[in-house]
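The block underneath contains the structure these notes are about, expressed in structure tokens.
The model shown is predicted, which means the values in this text are computed figures rather than measured ones.
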Amino acid sequence: MDSQDNILEQEVKEEVIQEATAPEVETPAAAETEAPAEVAEASAESVEAPAESVEAPTEETEAPVEDAQAPAEEEQPQKVYETKKEVIDRIKDIAHGDEPLQKEEIDYLKTVFYKLHFAEREANLKAYLDGGGDPDAYQITPDEDEEVFKAEMGIIKEKRAKLFKEQEAEKQENLEKKLANIEKIKAMITSPEEANKAYQEFKALQAEWKEIKNVPAEKASELWRNYQLYVEQFYDLLKLNSEAREYDFKKNLELKTKLCEAAERLADETDIISAFHQLQKLHAEYREIGPVNKDLREEIWNRFKAASTIINKRHQQHFEGIRAKEEDNLARKTALCEKVEAIAAEENKGSSDWEKHTKEIIDVQAEWKTIGFAPQKMNVKIFERFRAACDDFFGRKAQYFKGLKDTFKENAEKKRALIEKAKALQDSTDWKSTSDKLIALQKEWKTIGMVPKKLGDQLWEEFLGTCNKFFEARNAAGAGQRGEEHTNLEKKREVIEKLKAVAEEAGEGIQEKVQQLVEEYQAIGHVPFKEKDKVYEEYHAVLDKLYKELNISVAKKRLTNFKQNLKQVAERGENALDNERARLFRQYEAIKQEVQTYENNLGFLNASSKKGNSLIDEMNRKVQKLKDEMNLVREKIKAIDAENAEK
């Protein structure tokens, strides 16, 4: 919520600023001026009309179209406003005062107000989120200052509309006046003999023409051409004396020279826009000055035109630079759109991915804010593309975390349920059963998913504390038992040492000693759990060694005794040896079958049991003992076969 709202509000600000500060470059068609550029100067207001007739002045070279713009007011530094109240107070002064309405100032006030308004709204949202507020529940509250501002702007809009209507009416009235002025000059032309006498009236009409200001732009060019046409025709009728005419030419040359010098100085003006506006004023003045001597007309005009061309080119290059910068900005913004779209398309496997991609998009948004406007026709479109990609990502992120929030809630409830179960067991004295239950609860706890870290830590501490309460009580109760277990451990180690000593002995009675020590070992109680496997392995390692040695010696002794008794068996009857052999063979097959059964069972146990399982070790020993027995029976059968062979 916070990330995407920041970028959207910033763009609203940029659009407001763009609307208020975009340069308004007038085109020749829109310029409101009394005289179009293609009409040359023809006035001689300061010349007295002599009695004799002289040649009327002719037109100078036409002005270029780009110089025909109306003069613009000098740009003034804007006042700095710190609060919305200051802006509203100034708007109220304009709305309810009598001062002229300045579009630049009104647009500036509008831009400043919404900058402050959006900054205030961002601060409110940040404070809400920092206070732990839910982004999805945040609502923008109505701003009373904005309502007041809009109301005052509405008044200003009405005043501007009224002023515009009055200006249009005034232009129409001026048009009627100038048409009447032309008709009067036209009437003078119809009486050539009265031209000299009517000169002063003609000059008055020219002065009146100058006093009449703006007319409708679409009528300006045609009106001026008609006026100039009849002025020229009137001059053609005049018979001014050459001295007065030269004086008029000289005065006009001085004025136009000063305008040339002023235009040339504008080449050093650092503010290109201001220089361009000043040039328009100079052109307006130049048009109002009458003609100069015919020999100098082209020279003075070329000088003025050359100075104007420099300013016009600088002005054109300035806006070409702006347009080039806007195209570059468009390319950069397009690249950022593609970057955000690529990030938004990446898979998010968990919260860390969402946060990683969020940071990347916020970084792109920050870079976006550093880039200026794109061309006007693309500025809104490229922003809408960028905003759509951001909205898509943050919308899906909000849905993900909303679902995650529900999962966290469900997991927290499961953990609270386990805590309640643990609390129900914490005072139990059934140590074995309760220990198993609590261990099972701890294992179940590990299977439950995540919850927010702070809450998770709290729940875990509560659960762990409950379990520890029981285990501490159990440990306290079992302290005596552990002492007995350590005593048993020492006893079993003593028996193991005795077995090791027996393994070094030789002679009769070893088997009885081993059996006695085994019975003694088995009579000893439990040892500490951690030592159980170690002492068990040590005990059986010694025992296995003894049994192996005893089995070999016993088997040899039994085989020897069997061989010695074969003759006595043979004396019992003709088939006595065969019967004994058959009995031994059945015994051999039975032992063999038993060995196979044990080995099959061992195969199953090895697949599911851990290494060092005591049951497996015991079965292996039995299998080995049975195999030793099989070998003894096989040797006995061989002995019977050897006895039969001797017969």
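Note: Ile156 CD1 to Ile106 CD1 = 5.0 Å, rounded to the nearest 0.5 Å. Considering NZ of Lys178 and CH2 of Trp209, their distance stands at 4.5 Å, rounded to 0.5 Å. Rounding to the nearest 0.5 Å places CG of Leu259 at 5.5 Å from CD of Glu285. From Asn468, atom CG reaches atom CZ of Phe463 across 10.0 Å, with rounding to the nearest 0.5 Å. In this structure, Leu109 CG and Ile94 CD1 are separated by 5.0 Å, a value rounded to the nearest 0.5 Å. One finds the CG atom of Asp391 at 10.0 Å from the CZ atom of Phe386 (value rounded to the nearest 0.5 Å).
Side-chain atoms of Glu269 do not come within 3.5 Å of backbone N or O of Arg265 as any donor-acceptor pair. Put simply, the side chain of His315 never gets that close to the backbone of Ile311: no donor and acceptor are under 3.5 Å apart. Put simply, the side chain of Asp328 never gets that close to the backbone of Ala324: no donor and acceptor are under 3.5 Å apart. A donor-acceptor pair under 3.5 Å is absent between the side-chain atoms of Asn174 and the main chain of Ile212, judged by distance alone. No donor-acceptor pair under 3.5 Å is formed between the side chain of Asp392 and the backbone N or O of Ala388. A donor-acceptor contact shorter than 3.5 Å is absent between the side chain of Lys333 and the backbone of Asn379. Without hydrogens or angle criteria, Gln102 side chain to Glu104 main chain gives no donor-acceptor distance under 3.5 Å.
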Self-check item: Full working for side chain to side chain contact (heavy atoms under 4.5 Å, CB included) between Leu282 and Leu266
Solution: CA-CA 11 Å; Leu282 297 179; Leu266 291 178; 3.9 Å; yes
Quiz item: Should Lys79 and Tyr81 be marked as a side chain to side chain contact (heavy atoms under 4.5 Å, CB included) after you check the CA-CA gap, both sets of side-chain angles, and the distance that decides it?
Solution: CA-CA 6 Å; Lys79 177 181 177 181; Tyr81 294 90; 3.8 Å; yes
Quiz item: Do Asp145 and Lys85 pass the side chain to side chain contact (heavy atoms under 4.5 Å, CB included) test, and can you show the C-alpha distance, the side-chain angles, and the key distance before you say yes or no?
Solution: CA-CA 8 Å; Asp145 288 339; Lys85 184 178 181 305; over 6 Å; no
Self-check item: Trace of the side chain to side chain contact (heavy atoms under 4.5 Å, CB included) decision for Lys415 with Glu413
Solution: CA-CA 5 Å; Lys415 292 192 174 185; Glu413 292 302 322; over 6 Å; no
Quiz item: Between His357 and Asn348, is a side-chain hydrogen bond (donor to acceptor under 3.5 Å, both in side chains) present by the stated rule, with each step listed?
Solution: CA-CA 8 Å; His357 293 149; Asn348 297 286; 2.5 Å; yes
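Between Lys103 and Asp107 a salt bridge is recorded (basic side-chain N to carboxylate O distance below 4.0 Å). Contact check on Arg90 versus Glu99 returns a salt bridge, with a Lys/Arg side-chain nitrogen under 4.0 Å from an Asp/Glu carboxylate oxygen. Between Arg323 and Glu327, none of the side-chain N atoms (NZ, or NE/NH1/NH2) sits under 4.0 Å from a carboxylate O, so this pair counts as no salt bridge. Glu341 has a carboxylate O that lies under 4.0 Å from a charged side-chain N of Arg385, or vice versa, which qualifies the two as a salt bridge.
Sorted by first and then second residue, the salt bridge (Lys or Arg N to Asp or Glu O under 4.0 Å) pairs involving residues 149-162 (not counting sequence neighbours) are Glu146-Lys150. Residue pairs meeting the salt bridge (Lys or Arg N to Asp or Glu O under 4.0 Å) criterion with at least one partner in residues 417-434, sequence neighbours excluded, are Lys423-Glu462, Asp427-Lys469, Lys432-Asp436. Judged as a salt bridge (Lys or Arg N to Asp or Glu O under 4.0 Å), the pairs with a partner in residues 354-366 (not counting sequence neighbours) are, in order, Glu355-Lys397, Lys359-Asp363.
Looking at every heavy atom in both residues, Ala263 comes nearest to Ala307 through CB-CB, 3.6 Å. For the residue pair Pro216 and Gln172, the shortest heavy atom distance occurs at CG-OE1, 3.9 Å. Taking each heavy atom of Val340 and Ala389 in turn, the nearest pair found is CG1-CB, 3.5 Å. Listed here is the closest heavy atom pair of Leu330 and Pro375: CB-CD, 3.9 Å. Closest approach of Ser428 and Thr434 over heavy atoms only: OG-OG1, 2.7 Å. Between Thr270 and Arg314 the shortest heavy-atom distance is O-NH2, 4.2 Å.
Using a 4.5 Å heavy-atom threshold, the side chains of Leu459 and Arg416 count as touching. When side chains are defined from C-beta on, Trp368 does not count as touching Cys390, because their heavy atoms never get closer than 4.5 Å. Asn312 has its side chain within reach of Phe276: a pair of non-hydrogen atoms, C-beta onward, lies under 4.5 Å apart. Taking 4.5 Å as the limit, some side-chain heavy atom of Ile371 sits within range of a side-chain heavy atom of Leu336. Gln167 places none of its side-chain heavy atoms less than 4.5 Å from the side chain of Asn214. Proximity of Lys110 to Phe149: side-chain heavy atoms (C-beta onward) are separated by under 4.5 Å at one or more points. In this structure, Val112 and Tyr108 have side chains that are in contact, with non-hydrogen atoms separated by less than 4.5 Å. At least one side-chain heavy atom of Glu120 sits less than 4.5 Å from a side-chain heavy atom of Asp143.
Here Glu170 pairs with nothing under the salt bridge (charged side-chain N to carboxylate O under 4.0 Å, His left out) rule; sequence neighbours left out. Thr257 pairs by the side chain to side chain contact (heavy atoms under 4.5 Å, CB included) definition with Leu253, Glu261, Ile300, Arg303, not counting sequence neighbours.
In summary, the aromatic rings of Phe393 and Trp354 are positioned with their centroids under 6.0 Å apart.
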N/O donor-acceptor pairs under 3.5 Å from side chains in residues 445-458, not counting sequence neighbours:
unit_1	atom_1	unit_2	atom_2	d
Thr447	OG1	Glu444	O	2.5
Lys453	NZ	Asp457	OD2	3.0

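Crowding of Glu320 atom CD: a count of heavy atoms from other residues, nucleotides or ligands under 6.0 Å exceeding 12.
The aromatic rings of Phe304 and Tyr286 lie parallel to each other, with less than 30° between the two planes, well short of the 60° mark.
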